[in-house]
Amino acid sequence: MSGKVLVITSGKGGVGKTTTTANLGTALAMMGYKVVLVDTDIGLRNLDVVMGLENRIVFDIVDVVNENCKLKQAMIKDKRFDGLYLLPAAQTKEKTAVSPHQMRSLSAELKKEFDYVLIDCPAGIEQGFKNAIAGADEALVVATPEVSSVRDADRIIGLLEAAGLAISRLIINRIRPKMVRRGDMMDIDDIIDILAIKLIGVVPEDEVIVVSTNRGEPAVIDYTSKAGEAYRRIARRLVGEEVPFMVLDYNEGLFDRFRRMLKLAAR
Amino acid sequence: MAFLDLINKLLGRDNSSKQVAKERLRLVLVHDRANTAPVDFLTALKEDLIRVISQYMEIDEEALEVTFSNSDNSVALIANIPVIKMRRAVNN
Ligand SMILES: Nc1ncnc2c1ncn2[C@@H]1O[C@H](COP(=O)(O)OP(=O)(O)OP(=O)(O)O)[C@@H](O)[C@H]1O
Ligand SMILES: [Mg+2]
């Protein structure tokens, strides 16, 4: 079997890479695929807590590449979902504890066993980024609808192209329909137009993400969560299904427009 | 202020914060992309310009200058290309 290695990256920190990795991985496992999540944020590992698996770590990615343990020993099996595994980052090492060359062989190894290898990339464009993309077949670029995030995404897309990654697709995270409607947040079309990259999904701002992170249970298992729904749809697109984009309700009706004009006039 | 906003809206002049964000992004990316291009982008552009323009006129290749110029809400590409001689073109 040869699976696919997807790196989840963004440039800017804190825009939702880890959240995206956890949710897409869980959604893919729920669909019956065999998935491993690889945390490459060495020194600042987080994917373990987002997944609620932090208490089960014995070995980590640095132990694996240094052959202190077998790959199988370091991977944590998520007992809630069949076929879902986590390879945690090291917490007490530097990003340089792993090399791009080592990441390439690790990815090649994992691909033999899994349908999907999801790599959670650290923020920035330094060694950690270079490691994370080294063995990847495709990239998912996460950006929020803000100037700084889109700017960094543009830089990342350039670097991914230069590194020869064939396919990069965009996930817009934390969109707030109400703000878009009143003209205070960039819309999906604005961002795609600027970045000139294919969109694979839009995830709304959702309190459930915070709650689910508190509990260590990805939002995709909550069928009332809009963000969860968005991630499940992205997972289906990843496996090649045609799935319509979620309606996030920002087409204002005539009444809304009228009310907004009145409000504008009264300000 | 509100009245002005309304007029702007009706005239299709949008200065919502989203519009401002888009404009700022557009301009900052002109610079980012030029500065991070793998080859020296302006040098490559100069060579291309020389090749194209030389088909029409003889120019002073040494003195040719290409730069970006910034103003508040636009970036312009400024080329200063001294012409030495026109090629003779005949209508037929
Ligand atoms: N759609 C969303 N709605 C609400 N909160 C969100 C959403 N996406 C992410 N967050 C929150 O944003 C914060 C940052 O998310 P996350 O850790 O996934 O980002 P990151 O890109 O991995 O950050 P880093 O660069 O530090 O690794 C978290 O607190 C997370 O709960
Ligand atoms: Mg992270």
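Everything numeric here is computed off the predicted structure, so don't read it as measured data. Every chain is numbered from 1, with letters handed out A, B, ... down the list of sequences.
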Between B:Leu25 and A:Met186, does the side-chain contact (heavy atoms from CB on, under 4.5 Å) criterion hold? Intermediate values first, please. CA-CA 11 Å; B:Leu25 248 177; A:Met186 282 187 284; 3.7 Å; yes
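- Interface remark: A:Asp154 contributes side-chain atoms only to the contact with chain B (heavy atom separation under 4.5 Å).
- Put simply, NZ on B:Lys18 and CG on A:Asp187 are 5.0 Å apart, with the number rounded to the nearest 0.5 Å.
- Under a cut-off of 6.0 angstrom, the local environment of CZ in B:Arg24 is sparse, with at most 12 non-hydrogen atoms contributed by other residues, nucleotides or ligands.
- With rounding to the nearest 0.5 angstrom, the CG atom of A:Asp190 is 13.0 Å from the CZ atom of B:Arg26.
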Check: residues 52-63 of chain B side-chain donor-acceptor pairs under 3.5 Å, at least two apart:
from    : atom 1 : to      : atom 2 : distance (Å)
B:Ser54 : OG     : B:Ile50 : O      : 2.5
B:Asp60 : OD1    : B:Glu62 : N      : 3.2
B:Asp60 : OD1    : B:Ala63 : N      : 3.4

Begin with the C-alpha distance, continue with both residues' side-chain angles, and end with the deciding distance and a verdict on side-chain contact (heavy atoms from CB on, under 4.5 Å) for B:Thr36 and A:Arg155. CA-CA 8 Å; B:Thr36 58; A:Arg155 180 95 171 90; 3.5 Å; yes
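- Nearest heavy-atom pair across B:Ser16 and A:Gly183 is CB-O, 3.2 Å.
- More than 12 heavy atoms of other shown residues, nucleotides or ligands fall within 6.0 angstrom of atom NE2 in B:His31.
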Derivation of the salt bridge (Lys or Arg N to Asp or Glu O under 4.0 Å) call for A:Arg151 and B:Asp32: CA-CA 9 Å; A:Arg151 180 196 197 177; B:Asp32 284 3; 2.5 Å; yes
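- For A:Glu94, the CD atom is loosely surrounded, since the number of other residues' heavy atoms within 6.0 Å does not exceed 12.
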